[in-house]
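A quick write-up on the structure given underneath.
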Amino acid sequence: MPLSSKHLLGLSGVPKEDIQLILDTAVTFREILERPIKKVPTLKGKTIVNLFFENSTRTRISFELAQKRLSADTVNFTTSSSSTKKGETFKDTVLNIEAMKIDMIVVRHQSAGVPQFLTKISNASIINAGDGRHEHPTQALLDMYSIKEKIGKIDGLKVCIVGDIAHSRVAISNIAGLISMGAKVSVCGPATMIPKSIESLGVTVHHDINKAIAENDVLNILRIQLERKAGTNIPSLREYHNYFGVTEERLEKNNKDILILHPGPINRGVEISSEVADGPYQVILDQVTNGVAVRMAVLYLLGTMN
Ligand code: CP
């Protein structure tokens with residue numbers, strides 16, 4: 001069965017069957033990553049452009065590696081060296097790239113809705129690598145993959161997303177994907193970092209980190225997005241750490257069986273202590289490895305639809 005859409009713009013509204021297909025397909029690609037030769041000819045002859053208008057370490061490298069592992073031809077676009085600096089509009093830039101005959105575009109942009117806009121002006125398959133505060137679907141898929149890999153299931157698990165929910169596209173995609181896959185989802189953070197409308201997405205709200213740790217199977221911890229002015233929502237980073245920081249002491253006191261995820265980049269000593277970031281509860285670097293496999297699955301499933 002193919003995916004129901006030739007684009008991956010978000011997980012809100014995506015059928016459960018599509019999420020399941022991506023997660024199942026990623027298992028095969030995860031196994032390929034353990035082989036001495038980590039490359040298959042699956043997307044040979046396909047051309048993929050990575051359009052990154054916003055900083056990225058994990059997502060950009062992960063997509064590029066996934067494309068190379070699938071033998072696709074890849075081109076990287078960076079804003080600093082492009083003609084957008086000479087006054088060319090975003091639309092004209094994309095139309096020129098499109099004229100070079102490409103099959104897929106992976107896009108990260110600071111403005112919500114840019115991937116959706118690209119579907120209107122391009123014939124390529126569009127994959128959202130993070131758009132403003134809207135969605136980051138491949139991050140949520142790799143988070144779900146990592147939960148399933150570690151615990152064996154998603155259905156029925158209690159998952160709490162902790163931190164700066166108001167600025168987080170990772171939270172929105174995780175909420176949509178996890179609920180679709182049968183998890184019970186909550187969020188935890190200061191009231192100033194939790195949008196009032198969040199409960200309409202089907203989540204419950206905690207303001208007590210100890211309770212959130214005690215009552216959940218998984219915590220997905222988010223950083224404070226200082227580049228989006230999130231610092232104005234809390235008195236200080238030190239105070240945030242004192243009230244909401246996930247520390248070894250809190251985990252050992254409240255729930256020794258909990259699984260800790262973090263999408264990165266981590267801010268040690270703020271949302272997570274170094275002991276937790278490097279310790280036995282977390283799977284942070286496993287998430288990064290799994291991200292390559294999950295992105296290979298997405299690229300393969302979309303790339304073979306055309
Ligand atoms: N998790 C995540 O999106 O990281 P990057 O911003 O480094 O891509």
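We count ligands from 1, going down the list as the structure has it; atoms in each ligand are counted the same way. All values below were derived from every heavy atom in this structure, side-chain atoms included, with hydrogens, water molecules and symmetry-related copies excluded.
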Cut-off 3.5 Å, no hydrogens considered: what does the side-chain donor-acceptor table look like for residues 284-299, sequence neighbours left out?
residue, atom, partner, partner atom, Å
Gln287, OE1, His262, N, 2.9
Gln287, NE2, Asp143, OD1, 2.8
Gln287, NE2, His262, O, 3.4
Thr289, OG1, Leu285, O, 3.2
Asn290, OD1, Arg30, NE, 2.8
Asn290, ND2, Ser146, OG, 3.0
Asn290, ND2, Glu149, OE1, 3.0
Asn290, ND2, Asp286, O, 3.2
Arg295, NE, Thr138, OG1, 3.1
Arg295, NH1, Ser62, OG, 2.9
Arg295, NH2, Thr138, OG1, 3.2

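Separating the CG atom in Asn254 from the NZ atom in Lys211 is a distance of 12.0 Å, to the nearest 0.5 Å.
For ligand 1, the protein residues placed under 4.0 Å by at least one non-hydrogen atom are Ser56, Thr57, Arg58, Thr59, Arg108, His136, Gln139, Pro263, Gly264.
Take His134 and apply the side-chain hydrogen bond (donor to acceptor under 3.5 Å, both in side chains) test, not counting sequence neighbours, and it matches Asp131.
With Arg108 contributing its side chain and Asn55 its backbone, the two residues share a donor-acceptor pair below 3.5 Å. His241 places a side-chain N or O within donor-acceptor distance of the main-chain N or O of Gly269, the cut-off being under 3.5 Å.
Contacts classified as salt bridge (Lys or Arg N to Asp or Glu O under 4.0 Å) and involving residues 14-24 (residues at least two apart or in different chains) are not found.
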